[in-house]
Each structure stands twice: as C-alpha cells, then as structure tokens.
Amino acid sequence: MRRTALLALALASLPALLAAQTGGPRYRPWGLELRNMDRSVKPGDDFYAYAVGTWLRDHPIPADKVGAGYNYDLPDEIEAQVRGIVEESAARPATASARKVGDFYAAWMDDKAIEARGLAPLKSRLAPIDAVRTRQQLVRLMMRPGYSSPVNIGISTDADDPTRYMVDAGQARLGLPTRDYYLLTGEKYDTVRRAYRAYLVKLQDLAGIPDAAARADRIIALETRLSQDQWTPEQGRDPVKTHNPMTRAELTRLAPEIDWTPTLAGMGLGAAAKVNVSQPSAVAAAAKRLGDVPIATWKEWMTARFLSDAAPFLPKAFDQANFDFYAKTLRGVPEQRARWKRGMALIDDALGEAVGAIYVQRYWSATTQAKADELVSDMRAAYRDKIEAAKWMDDATRTAALAKLASFDPRVGHPAKWIDYTALTVSRTDPLANNLAVADFQWRLQLKRFAGPVDRGLWFMTPQTVNAYYDPTMNQITLPAAILQPPFFDANADPAVNYAETGATTIGHEMGHGFDDEGRQFDDKGRLRDWWSKATAAQYTVQADRLAQQFDQYEPIPGVKIKGRLTLGENLADLGGLETAYAAYRRYVSRHGEPPVLDGMTGDQRFFLAYAQAWQGKRREEAVRQQLLSDPHSPDKYRVNGIVRNFAPWYQAFGVKPGDAMYLPPEQRVSVWQ
C-alpha cells in the first residue's frame, strides 16, 4: 500500500502541452517545486537531499503533526474540503445520510456537553464487564463490538476460494503498538513502559476505580505475557503461514479454553464450518491465558482498554491523557490537533461513504477519470512488456503472470455503489454512543455479507482518502479520487513528472504488489496458490533476498535499522513500480520524441527528480521508531535512495560513478523486471 501518490498522463507532445496550459501546472514552471532542491549536494552522494534538501532544512514539522511533506499537505487540503461538506450537513442536511453526518459531528464538537455529562456515559458500558462471573461470559463479552479480546475474530476473504467469505481468528492488538515495545531493552523502551503504566493509572483514577496502580501492574504483566507469544510483523506478512483453515474440532484441540461453538453462534457466525487461524501459536497461547489468568484480571484489562478506546469521547482529562501517551510519548507530537480536524478523521471511519458521495459530486470529474484510466492502461502495457522480456521467468510462469496481469481489476475514483447507512442510529448529543453504534453497525454489515458471495464492489478506502491499495485476493488496485490531484496528479505538468509521481509511486507500485514476495503467491483468480516453477521462484527469491539485505543495513535513527523482511513487499513494489513506470515513460517518448531540456534537466533527469520529490517528507524521531518496528513501509528517504541506486537508468541520467556515496557495482544491484 502506498500512503501517498497517484495518477496522470498527458498524451500530447510536451511542446504542445506546455503551450496549451490553462493556467499552467500548480508547481511551476513544469510540475515540480525546484526551490526544494539542494543543488550543492551531488546526486550520486545523496539523491534525496539533492531533490528535497532545501525543503528538509527550511520546513519545520507543525506542532500538531507527526510529520510534514506532500503526504501531509494534500490531506490537509482534502480535510478542509470535507469540513465544508460536514458543517453544511450539520446545519442544512440535504439527505438522511447527510443528517447523520451532521449529527455525528455536532455531538463530537459539543465538548461542553461532554464535560457536563462527566462519567455518566461510562456506567452502562462498563456494567457488562462488572457483571461477568464465568469464563464463558467473559469470552462472549470480549466478542461484542466495542470490547477488547486477546483473540480477534472477524470476517475476511477465503484465500482458497476468493468468491466467498471466511471467519478469521488471530492475535489482537495490545495497549502498546507492537510486541517490541514490551520486550526490547534500553532506556527508550523503559521510558515508554513507565509512561504506559502512568497512563493506565491516570485513566483508572479519572474513572474513580480504586487501587489503580496495582491494577496497572497486573494489566501490563498480562500484556507482556501475551506479547511474548505474538507473531512479529514480519511473520504476519507470510500469506501461507497465516492461512490455516480449521474445523471446530481442530479449533478445540488448538485452543480448548475457548468454547468455540457458542462463541461463534453468539457472534452470528454459527454457520461457519471452518475458521482460518492466522497465527495458531499466538491464538493457542492467548487462549491458555484465558484459562490460567484470573477472571478478575481480565476484567481489569477489559475495563482499562475500554477507557483507553473511549477516552477521546469522554471529558477532556481522559482525552488529554490519551493524547499525552499515544501522540506525545509514542510519536513525539507536542500539540493536540484542533477538535474539528480530529472530527474529520472520525467521520471518515464512521460515515465515510456518506461524505464521499458528496465529495465526488463536488470534486471529481470525468476528465480526471479518463486520464487516470489511460495511465492505468499504459502501465498495464509496460508491465506486459516487462513480463514478456523477463529472462529469469520460464514460459509456464510467464503465461500465468500474463494471465494475472490481464485480470487486474483497477478501480479509480469512487465505488459504483455506496454503503447504505439507514440502519445506523446516530445521536446528536452522545459521541461515545455514536462510536459504539458505528462499531455495531459495521459488524452487522459484515454479517449480512457473510452469507453471500464476496462483494467485489466494496471499497476499503473512502474517495476522500489520500492513499491507494492492492488486494491480492481480489487482484484489485484501488485508487481513490482524493489522490488524483497535485502534487501527485496534474494534467498540465511535464509528462516526466506524471509518469514518475503517479505512474511509479502509485499505479506501478500497487500493480507491483501483485508480484511482490507476498502478492506473487496469489494467482489470477486471487487464490493462494503456488503458480511459479521452482526455477523461476528460486531466481526471484535471490533478488528479493538481496533487496532485504540491502535495507537491513539502513539505520534511519540511532540504534534502529530498517527491517528488510518487514519492508520487503513495499520495497519490491517501489522498485518494480519505478522500473515499469520508466519503461512506460520511454514508450511515451518513443511516440512523441525526446523531450526538450528544461531548467538544465533532461526528461530522464526530471523523471527521477519527480520520483524523489513525490516522497518529500520528514517525521518525528519517535514516530520513525514506531514505523521501523511495525510498519511495512520504509521511511521516505530510503524509498528514494534505497531504490534508485539499484536502477541503471538513474546512474546514466546523473552520471553516477564509482566513488559516489550511493554507487553500487552492477553485480550488487537488484532488479525486479530488468
């Protein structure tokens, strides 16, 4: 998944394009912000600094943000657009869905009423936890929307048959971001754990719960035990190891402490013949904890987790405590975001398609749709050329790869059918009730779909989301409307910019996920199936392993390196996307002629510069730490420098030679499609 860019293609010749501009590109003179460059840096020594070094030096991170850059600026613009829709819906709702959007927002924004209600909204929600007396009651409550469990049970696509849904059970999130925060040694992690304990004590004190310190100690001890048995993020990326369909009898042998039949029935999943267990050893260990940890401790854990999840909807002291730990301590953010801004994020989660339907009417155009579709088509053609020319791929595997490419299902802009929010009840006065109602509504939607075939029309991002994703079981790439604008899409920009910023970093990247170390294990129908010959797979693996080893060496912050295995899929998609987008750009040049030199730069130089500037960004150190421990995406700098140094045309474009800091001998370079 690319937490950024997208699309555009200008299919006129460059001179004609520049002459016909209506107002010109947003970033002058031809689509990039050249003032962001640091031309004192030699491209072959640090290409990222060369491309955006002046911006990195001169632009501070806003006090209420975890980072700054293109991937923070564009969401701000979308946020302002969405705010207009939401506030209009609160004042003058045009439809029933718009009224729900307005009521949700009004309840969230009325912080005075939240203060006045105090702890009253908590009482009825904590009462079911207090009432638990048996382990069966405990597990049943854990599986209700709004409550926490050490084992997540949900609904996903069946990897053996992607036309149907399957129940999935796996390890659940804990209070800290990953198991590493519980287990790693050193003052940084000791500080986080002390702050987490203080946070748990604070929440319980605010809620009037006695003996808060001792409770916090028991909760942390329980979570630490759970974390020891959880899978690492790297292990969780393996689609084969995480695909373990089990019958009820097999589930019972794996985790007898959970009474599976009544538990599933109570969730509305009684008809499920099998359950896929994503992390069997972690689920078995969590079930053992359900059996050997006192019920009273589990109730304390559930209460603390509920308080933490509900904190933003409670009086300010709860909200501030939540911010102080999760934003200030864990990510280094000094100031809370404005309340209206946080409201936009909540509404996107709760009623995102209700807002999205209005957003598309106002901000989406058929022209943009057509240009995006055209670039997807051009990128598909470039991938076909790459697959057909890949010397390491034998004929049988090549045929299967071409079939997968042909079956790619690109969705651009917005869903064809919107979610119906009729069954969702929204209060204009109780934001906590709204949050819980949304969780219940979303679960009921999943249950309704579970009985039928997989709905290929569903979107897992809203149109107003600045992002894109690939789903291997659907073989779909999804490109929301919001990302189809500057700096990532500009019909008036130099084609080199659009091919790099949109073709490489999003379309090519997302299509590349179909052939990364994870996505390549799914066939053209989305089935988890080994369709590669042993010889071809072995050659692919050699290249993938070398890329993982390269990224293992990068140390973005002192003492913490990139996890090459965790980030391998994204790094492969970055490299494959760049290779393919460059090939698509050269196809464009072959049709329209070699472009002129602009501002002293050739078309190829502009292509690579655009690629680097698409990743313009910086993050706070603690946020980078969290990213390195848990996120499959490498930090922005390494998505540029770690990728281009493997690509021969970049060397040629900038005359990179032995002795330059980024130089890699040809035999050490990695290629996905060369």
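Quick caveat, the model's predicted, so the values are computed rather than measured.
Counting only distance, with no hydrogens or angles, the side chain of Lys563 and the backbone of Leu628 share no donor-acceptor pair below 3.5 Å. The backbone N or O of Leu176 lies less than 3.5 Å from no partner atom in the side chain of Glu223, so there is not a single donor-acceptor pair. Distance alone, capped at 3.5 Å, places no donor-acceptor pair between the Arg625 side chain and the Arg620 backbone. A donor-acceptor contact shorter than 3.5 Å is absent between the side chain of Thr329 and the backbone of Tyr326. With hydrogens and angles ignored, the 3.5 Å screen pairs a side-chain donor or acceptor of Lys100 with a backbone N or O of Tyr421. Counting only distance, with no hydrogens or angles, the side chain of Arg215 and the backbone of Pro210 share a donor-acceptor pair below 3.5 Å. Here the side chain of Arg133 pairs a donor or acceptor atom with the backbone of Asp130 at under 3.5 angstrom. Side-chain N or O atoms of Glu510 include one that pairs as donor or acceptor with a backbone N or O of Tyr470 at under 3.5 Å. Remark: side-chain polar atoms of Arg253 are not paired, donor with acceptor, to backbone N or O of Arg248 under 3.5 angstrom. Between the side chain of Gln171 and the backbone N or O of Ala286, no donor-acceptor pair lies under 3.5 Å.
A side chain to side chain contact (heavy atoms under 4.5 Å, CB included) with Phe104 holds for exactly one of Leu346, Leu424, Val86; it is Leu346. With Leu314 as reference, Leu122 is the one residue of Asp319, Leu119, Leu122 to meet the side chain to side chain contact (heavy atoms under 4.5 Å, CB included) rule.
Minimum interatomic distance between Leu629 and Tyr181 (heavy atoms only, all atoms of both residues): CD1-CE1, 3.6 Å. The shortest heavy-atom contact between Pro480 and Trp459 is CA-CZ3, 3.9 Å. Across every non-hydrogen atom of Val624 and Pro556, the tightest pair is CG1-CB, 4.2 Å. Contact detail for Phe522 and Ala159: the closest heavy-atom pair is CE2-CB, 4.3 Å. Closest non-hydrogen pair, Ser227 versus Tyr182, comes out as OG-CB, 3.4 Å. Between Asp517 and Gly569 the shortest heavy-atom distance is OD1-CA, 3.2 Å.
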From CA spacing to verdict: side chain to side chain contact (heavy atoms under 4.5 Å, CB included), Thr429, Asp110 = CA-CA 8 Å; Thr429 59; Asp110 194 354; over 6 Å; no

When you look at Gln230 and Gln235, which way does the side chain to side chain contact (heavy atoms under 4.5 Å, CB included) test go after all the steps?
-> CA-CA 10 Å; Gln230 288 198 335; Gln235 292 171 314; over 6 Å; no

Residue pair Arg237, Glu518: steps toward the salt bridge (Lys or Arg N to Asp or Glu O under 4.0 Å) verdict = CA-CA 7 Å; Arg237 289 191 64 252; Glu518 183 177 3; 3.7 Å; yes

After noting the C-alpha distance and the side-chain angles of His243 and Asp160, does the key distance pass the side chain to side chain donor-acceptor pair (under 3.5 Å) rule?
-> CA-CA 9 Å; His243 184 60; Asp160 290 326; 2.9 Å; yes

Begin with the C-alpha distance, continue with both residues' side-chain angles, and end with the deciding distance and a verdict on side chain to side chain contact (heavy atoms under 4.5 Å, CB included) for Met302 and Tyr147.
-> CA-CA 7 Å; Met302 290 184 70; Tyr147 294 94; 3.9 Å; yes

Passes salt bridge (Lys or Arg N to Asp or Glu O under 4.0 Å), Asp309 versus Arg173? Steps please.
-> CA-CA 12 Å; Asp309 291 343; Arg173 68 179 178 88; 3.0 Å; yes

Go through the steps for Asp292 and Arg289 under the test side chain to side chain contact (heavy atoms under 4.5 Å, CB included), then give the verdict.
-> CA-CA 5 Å; Asp292 62 28; Arg289 302 293 82 78; 2.9 Å; yes

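For the pair Pro453/Arg164, no side-chain contact is recorded, criterion being any heavy-atom separation below 4.5 Å from C-beta on. A 4.5 Å side-chain heavy-atom check between Ile219 and Gln204 finds at least one atom pair inside the cut-off. You'll find the side chain of Arg619 reaches within 4.5 Å of the side chain of Tyr72, heavy atoms only. Side chains of Leu351 and Ser97 form no contact here, defined as non-hydrogen atoms less than 4.5 Å apart. At a threshold of 4.5 Å between non-hydrogen side-chain atoms, the residues Trp231 and Pro280 count as touching. Within the 4.5 Å cutoff, the side chain of Arg125 has heavy atoms near those of the Leu436 side chain. The shortest distance between side-chain heavy atoms of Lys188 and Glu621 falls below 4.5 Å. Within the 4.5 Å cutoff, the side chain of Ile562 has heavy atoms near those of the Pro635 side chain.
Heavy-atom contacts from other residues, nucleotides or ligands closer than 6.0 Å to CZ of Arg444 number 12 or fewer. Heavy-atom contacts from other residues, nucleotides or ligands closer than 6.0 Å to NZ of Lys65 number more than 12. The environment of Arg99 atom CZ is sparse: at most 12 non-hydrogen atoms of other residues, nucleotides or ligands sit within 6.0 angstrom. Within a 6.0 Å sphere centred on NZ of Lys341, heavy atoms belonging to other residues, nucleotides or ligands number more than 12.
Note: Leu251 CG to Asp259 CG = 11.5 Å, rounded to the nearest 0.5 Å. Rounding to the nearest 0.5 Å gives a distance of 7.5 Å between CD of Gln627 and OG of Ser634. Note: Glu234 CD to Leu566 CG = 5.0 Å, rounded to the nearest 0.5 Å. The structure places CG of Asp440 at 9.0 Å from CZ of Arg144, a figure rounded to the nearest 0.5 Å. Atoms CD and CG, from Gln446 and Leu269 in turn, are 9.5 Å apart once rounded to the nearest 0.5 Å. For the atom pair CG (Asp636) and CG (Asn71), the distance works out to 6.5 Å, reported to the nearest 0.5 Å.
Donor-acceptor pairing under 3.5 Å is recorded for the side chains of Thr567 and Asn571. For Thr473 and Asp471, the side-chain atoms include at least one donor-acceptor pair closer than 3.5 Å. Checking Arg194 against Thr191 by side-chain atom types alone, a donor-acceptor pair falls below 3.5 Å.
Checked against the 6.0 Å centroid threshold, Trp108 and Phe313 count as a close aromatic pair.
With respect to the salt-bridge test (charged N to carboxylate O, under 4.0 angstrom), the residues Lys316 and Asp111 do not qualify. Using a 4.0 Å cut-off between charged side-chain N and carboxylate O, Asp348 and Arg342 make no salt bridge.
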Under 3.5 Å, which donor-acceptor pairs link side chains of residues 150-157 to any protein atom two or more places apart or in another chain?
none

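For the pair Arg218 and Trp301, the cation-pi criterion (under 6.0 Å, within 45° of the ring axis) is not fulfilled.
Take Trp418 and apply the ring-ring contact (aromatic ring centres under 6.0 Å, His included) test, not counting sequence neighbours, and it matches His414.
The aromatic rings of Tyr199 and Phe325 lie parallel to each other, their planes meeting at an angle below 30°, with 60° marking the opposite boundary.
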